[in-house]
Amino acid sequence: MNMAKFKLAQVGSLLVRELTRGQFTTTIQRRYLQRSYNQYLQSPVSPSPSNYKGISFSVYSHAYNNRHAFSTSASDNGHEEGNQQKEKISVTFIDKGGEETHIKVPVGMSMLEAAHENDIELEGACEGSLACSTCHVIVMDVDYYNKLEDPTDEENDMLDLAFGLTETSRLGCQVIAKPELDGLRLALPAATRNFAVDGHVPKPH
Amino acid sequence: MNKLATLHGKRWISRCYSSLSSQSLRVCVVGSGPAGFYTAEKMLKAHQGAEVDIIDRLPTPFGLVRSGVAPDHPETKIVVNQFSRVPLNERCSFFGNVSLGSSVSLSELREMYHVVVLAYGAESDRVLGVPGEDLEGIYSAREFVWWYNGHPDCSDLDPDLKSTDTAVILGQGNVALDVARILLRPTTELAKTDIAEHALASLQESSIRKVYLVGRRGPVQAACTAKELREVLGIKDLYINILESDLSKSAADEEEMKNSRIQRRVYEILSKAARSQPSHPISGQRELHFVFFRRPEKFLHSDDSSGRVTGVRLEKTVLKENSGSGRQSAVGTGQYEDLGCGLVLKSIGYKSVPVDGLPFDHHKGVVPNIRGRVLSNTHTEPLIFENGLYVVGWLKRGPTGIVATNLYCAEETVASISEDLDQGVLTPTLPRPGREGLQQLLDSKGVRFVPFNGWEQIDLKEKSLGSLKNKPREKITRWGELLKAANRESVTEQ
């Protein structure tokens with residue numbers, strides 16, 4: 001099933017995109033606005049978010065049972081049904097090229113999940129189990145940053161290793177939508193810039 | 001049934017779709033660790049006409065995620081879910097059991113593909129260059145890690161953990177901490193991980209009670225990260241020894257800490273551990289000693305002819321500031337002390353190995369490159385690039401960093417490839433044989449490659465073996481058995 005979904009995403013990408021993402025026009029427009037450099041990094045065909053998320057997320061979040069880890073992920077259908085009653089907040093993602101995507105995020109959902117559901121290219125190598133720093137986001141407004149619970153030691157351990165760390169950096173998997181965060185603006189770090197000199201790696205002994 | 005039909009339909013569309021792109025860009029990625037997979041993923045996304053083949057010398061993919069990441073770090077391995085989706089793409093194929101240098105040469109690959117990206121990492125070790133380094137009982141941490149992670153090249157390492165109670169680990173980076181943790185952690189906890197069976201059996205009988213982690217510099221310069229440090233300090237019923245006197249900071253230390261969040265946090269964790277430690281271990285308790293400001297001078301052995309290591313002579317060091325860089329390095333003081341032990345693990349860094357026809361900087365241990373473009377020469381102007389040859393991961397930037405570092409590293413290399421295509425430096429106008437060429441060549445040489453569904457067979461087998469023992473998987477650790485498991489069902493379709 002997972003595989004079938006994936007093939008679908010790969011293959012009829014253009015078609016699928018039209019069908020599934022009509023409502024998020026900004027997502028599509030954004031792609032044409034990027035500078036040439038980024039065109040290569042941001043593909044016009046990424047697996048559609050629901051496919052990408054796949055079954056594995058829920059399996060692993062269960063298996064590794066980390067605090068916030070995708071506790072709300074359940075299944076796609078679950079979201080859709082829940083959306084009827086659930087409150088949503090507005091969140092803006094700002095990508096590496098500076099383009100903005102506005103999305104609605106149900107209360108209780110992590111920003112990592114929300115990004116994937118909306119085809120925002122936020123990596124999530126460990127699928128929200130607090131074992132990597134790939135879902136690093138920068139909170140654009142200090143007031144909003146202060147509304148978040150303080151990062152745990154475990155999150156700080158991962159932030160230590162994040163590229164382009166700032167004073168208001170957080171892991172997307174640990175930022176959970178709540179009503180006070182309505183209007184939240186999150187930037188993806190421009191990681192490729194100065195990669196060679198951006199030395200956030202353990203020094204050789 | 002309906003789903004199946006849909007699947008076939010999609011495949012059919014996909015085939016037509018891919019054959020529509022008349023000139024496909026043939027890309028070969030050598031090595032299937034994080035650097036290789038991130039590169040393949042990004043190439044496939046960025047270039048809709050690209051066909052990307054990933055070769056690996058092992059029958060199994062994922063490089064250090066499989067053979068480097070510690071067995072008690074399952075969360076770190078979750079990234080293989082993402083990597084496993086990459087070869088599902090029709091434009092991507094995996095060729096396991098194909099070794100660059102013996103199965104296929106670099107020049108052959110470069111003839112068959114428009115673009116070759118080397119991502120084969122660092123499969124050797126830096127050496128200390130001190131007397132006695134070849135004694136019995138001294139291993140590189142890499143070998144030890146490969147052994148407990150079931151790498152088929154180290155399944156016979158069989159380190160003797162029964163005739164000594166003391167191990168010395170040289171180095172204080174994350175690999176050193178991993179190795180210390182595996183030696184000290186209760187084996188009941190390790191038994192639930194995907195640790196290799198032979199390693200678990202050996203650790204269950206281990207007599208090692210004391211582990212020394214030796215670093216040339218101080219707590220401020222320790223090369224580990226906070227997570228791994230916190231983890232080793234948190235091992236159940238473990239006595240931790242850190243000398244309070246080692247924790248005093250110089251002005252230069254303060255300066256280093258001011259500039260590095262990670263150094264600050266590591267130092268804080270070490271100081272906290274030093275403050276809260278009991279003065280003596282309880283009898284029978286396992287012990288972990290952090291030894292700072294010491295460097296190995298020579299390895300000691302007994303007078304008999306066994307050739308076994310019995311200790312390490314350490315020289316005390318002090319820190320000297322390097323002019324300008326702000327970094328401090330250790331210099332010897334001429335004072336020595338001996339530390340007795342029966343096992344030494346050198347965790348002083350991995351090293352890449354060149355292949356025929358590849359420019360290589362032996363001093364830095366990397367392929368000379370600019371943003372992933374391989375340089376033909378490093379010492380003469382103008383700079384000349386090897387057309388169509390790129391590098392990524394440890395082979396490009398040296399053996400440091402975490403899995404995610406390769407994500408950015410791959411973005412950079414793929415951006416270089418894209419720029420070269422854009423600017424006409426790379427002109428894939430003439431078709432190259434690519435995948436079909438490689439298959440023919442391997443056929444002619446009698447090399448039986450393992451396709452991705454061959455790995456899936458291995459994966460299934462390992463998981464089913466593991467489920468019998470309440471482990472996530474039981475790794476197959478022999479070449480022959482891996483190949484047998486891969487071929488369990490006739491694998492015809494790629």
Side-chain angles (χ1 to χ4, degrees), chain A residues 1-4 6-8 10-13 15 36-47 52 54 56-57 59-60 63-64 66 69 123-134 136 153-154 156-163 165 191-192 195-196 198-205, chain B residues 3-4 6-7 10-11 13-14 17 42 44-48 73-76 78-79 81-82 85 88-90 171-174 176 215-217 221 223-227 230 261-262 265 327 347-349 371 397-405 407-409 411-412 414-415 417-419 422:
Chain A
M1 184 58 198
N2 208 11
M3 180 157 158
F6 188 83
K7 294 286 180 197
L8 191 81
Q10 290 296 331
V11 171
S13 50
L15 236 157
S36 61
Y37 178 76
N38 272 334
Q39 273 168 8
Y40 294 109
L41 301 178
Q42 306 248 341
S43 132
V45 183
S46 51
Y52 175 70
S56 50
F57 271 17
V59 171
Y60 272 94
Y64 297 107
N66 270 287
E123 292 277 340
C126 79
E127 300 177 358
S129 68
L130 266 180
C132 78
S133 53
T134 55
H136 173 202
D153 282 347
E154 290 73 21
N156 272 323
D157 288 352
M158 293 303 122
L159 286 170
D160 279 350
L161 306 169
F163 281 89
L165 190 74
T192 48
F195 168 71
D198 194 1
H200 290 274
V201 290
K203 286 184 304 184
H205 181 72
Chain B
K3 273 174 202 162
L4 200 65
T6 317
L7 177 64
K10 294 300 171 191
R11 276 198 175 160
I13 293 172
S14 146
Y17 183 70
K42 285 168 196 308
L44 289 162
K45 274 190 181 183
H47 300 278
Q48 291 305 303
H73 284 169
E75 326 78 50
T76 309
I78 291 174
V79 70
N81 293 345
Q82 183 178 348
R85 286 188 286 264
L88 297 179
N89 189 320
E90 296 286 347
Q172 296 177 329
N174 280 346
R216 292 176 304 174
R217 298 185 290 167
Q221 292 81 26
C224 58
T225 58
K227 181 200 171 193
R230 204 193 304 287
R261 164 186 160 121
I262 189 158
R265 296 187 73 237
R327 272 175 61 94
S347 183
I348 54 166
R371 298 178 69 84
R397 59 192 161 78
T400 59
I402 53 172
V403 174
T405 315
L407 173 67
Y408 309 114
C409 192
E411 277 186 2
E412 187 184 78
V414 171
I417 297 170
S418 301
E419 276 168 23
D422 244 15

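A, B, ... follow the sequence lines: proteins, then strands. Residue 1 opens every chain. These values consider heavy atoms only, across backbone and side chains, with no hydrogens, waters or symmetry-generated copies. Predicted model, so just to flag it, every value in this text is computed and none were measured.
With rounding to the nearest 0.5 Å, the separation of OG1 in B:Thr225 from CG in A:Asp157 is 7.0 Å. Taken to the nearest 0.5 Å, the CZ atom of B:Arg261 stands 5.5 Å off from the CG atom of A:Leu159.
A side chain to side chain contact (heavy atoms under 4.5 Å, CB included) with A:Thr134 holds for exactly one of B:Val79, B:Leu407, B:Ile402, B:Val403; it is B:Leu407.
By the side-chain contact (heavy atoms from CB on, under 4.5 Å) test, A:Asp153 is found to be paired with B:Arg230, B:Arg265, residues two or more places apart in sequence or in another chain being considered. With sequence neighbours left out, A:Ala131 forms a side-chain contact (heavy atoms from CB on, under 4.5 Å) with A:Cys126, A:Ser129, B:Glu75, B:Thr76.
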